[in-house]
Amino acid sequence: GEELTVPYLDDERLRLPCKHRAALLRVWSIKSCLCIRCQRGVDETRLFACAECEGGVRMVRWRHQKVGLALDMKEKDMDSDTLEACDACGFGDMRAAEKSMLDAESELEKLYFAMERRPQ
C-alpha cells in the first residue's frame, strides 16, 4: 500500500523556518521530521541576497541539535545558523552585512513568538 503521512502542524506553522517546526514537533516527542525541507538542513524559506554579486541568493543552513522550543527560544538557539554559498557566484564568506541580516531576522523571530504568546 501507499505510505500514510500525518501532518502534525497546521498550514501556518508549516510555513515556519525548519528549526521552529522541528522544535514544535518535539512537543509531541517526534525527534526528527522526514520531510525534504528538514532533511536537507537548508531552509528555502530563509533566503538572503548575496552581498558579493547582488544577483544570487544564499540559503540558511540550520543545525538540528541546537534548537529549543520555538515558543521559548533562548539566545544560544538563535546563533547556530550559517549561510550557504551563493547560488549564482559561489561566494561563501560571512560578511558583516550578512551576519547583520541573520541578527535582524533573529530579532524579528523573537517579536513574532512574543506576539504569538499574547492572549487573543
Side-chain angles (χ1 to χ4, degrees):
E2 282 186 46
E3 181 180 6
L4 178 64
T5 59
V6 177
Y8 287 90
L9 303 174
D10 59 27
D11 288 342
E12 182 179 333
R13 287 195 167 90
L14 285 173
R15 289 189 284 270
L16 289 172
C18 293
K19 67 181 180 178
H20 297 298
R21 291 192 345 259
L24 288 168
L25 290 172
R26 280 200 239 334
V27 171
W28 292 293
S29 299
I30 298 171
K31 294 186 179 173
S32 64
C33 177
L34 299 178
C35 80
I36 293 169
R37 281 176 59 201
C38 289
Q39 293 305 307
R40 284 190 61 210
V42 176
D43 198 339
E44 292 94 353
T45 65
R46 301 169 66 205
L47 303 174
F48 291 89
C50 177
E52 185 70 15
C53 72
E54 297 180 5
V57 295
R58 298 180 65 184
M59 288 186 276
V60 175
R61 177 166 294 282
W62 62 285
R63 296 195 177 100
H64 305 265
Q65 69 273 16
K66 286 192 75 175
V67 179
L69 286 177
L71 298 179
D72 188 27
M73 295 294 288
K74 304 285 189 273
E75 191 70 33
K76 67 178 178 57
D77 300 318
M78 304 297 245
D79 65 5
S80 62
D81 298 332
T82 57
L83 292 175
E84 288 286 286
C86 175
D87 66 347
C89 72
F91 182 75
D93 286 347
M94 181 73 127
R95 290 183 171 212
E98 290 162 341
K99 172 146 181 24
S100 175
M101 285 189 283
L102 283 173
D103 291 344
E105 180 194 46
S106 176
E107 291 302 313
L108 288 172
E109 287 174 338
K110 290 175 191 175
L111 289 172
Y112 171 81
F113 288 113
M115 287 175 26
E116 190 173 86
R117 283 192 292 259
R118 275 200 261 166
Q120 296 287 334

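From a predicted model like this one, the values you see are computed outputs, not experimental measurements.
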A.B. asks: If I take atom CG from residue D43 and atom CE from residue M59, how far apart are they, to the nearest 0.5 angstrom?
C.D. replies: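 Nearest 0.5 Å value for the CG-CE distance: 9.5 Å.
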A.B. asks: Can you name the closest pair of heavy atoms from E12 and Y112 and give their distance?
C.D. replies: OE2-OH, 3.3 Å
A.B. asks: Which pair of heavy atoms, one from A88 and one from C53, lies closest together, and at what distance?
C.D. replies: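 A88 and C53 have their closest heavy atoms at CB-SG, 4.2 Å.
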A.B. asks: Minimum heavy-atom separation for R46 and P17, please, with both atom names.
C.D. replies: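 Closest approach of R46 to P17, heavy atoms only: CD-CB, 3.5 Å.
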A.B. asks: Can you tell me how far apart CG (D11) and CZ (R13) are? Round to the nearest 0.5 Å.
C.D. replies: 11.5 Å
A.B. asks: Could you walk me through whether L24 and L16 pass side chain to side chain contact (heavy atoms under 4.5 Å, CB included), step by step?
C.D. replies: CA-CA 10 Å; L24 288 168; L16 289 172; 3.8 Å; yes
A.B. asks: How close do A49 and M101 get, heavy atom to heavy atom, and via which atoms?
C.D. replies: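 Shortest heavy-atom separation between A49 and M101 comes out as O-CE, 4.1 Å.
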A.B. asks: Excluding sequence neighbours, so at least two apart, what forms ring pair (Phe, Tyr, Trp, His ring centres under 6.0 Å) with Y8?
C.D. replies: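 W28.
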A.B. asks: Which heavy atom in R58 sits nearest to a heavy atom in G92, and how many Å separate them?
C.D. replies: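 R58 and G92 have their closest heavy atoms at NH2-O, 3.2 Å.
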A.B. asks: Do L83 and V60 come close enough that some side-chain heavy atom pair is under 4.5 Å?
C.D. replies: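 A side-chain contact exists here, since the closest heavy-atom pair is under 4.5 Å.
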A.B. asks: With a 3.5 Å distance limit and no angle check, can you tell me whether D87 reaches the backbone of V57 through a side-chain donor-acceptor pair?
C.D. replies: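 At least one qualifying donor-acceptor pair exists.
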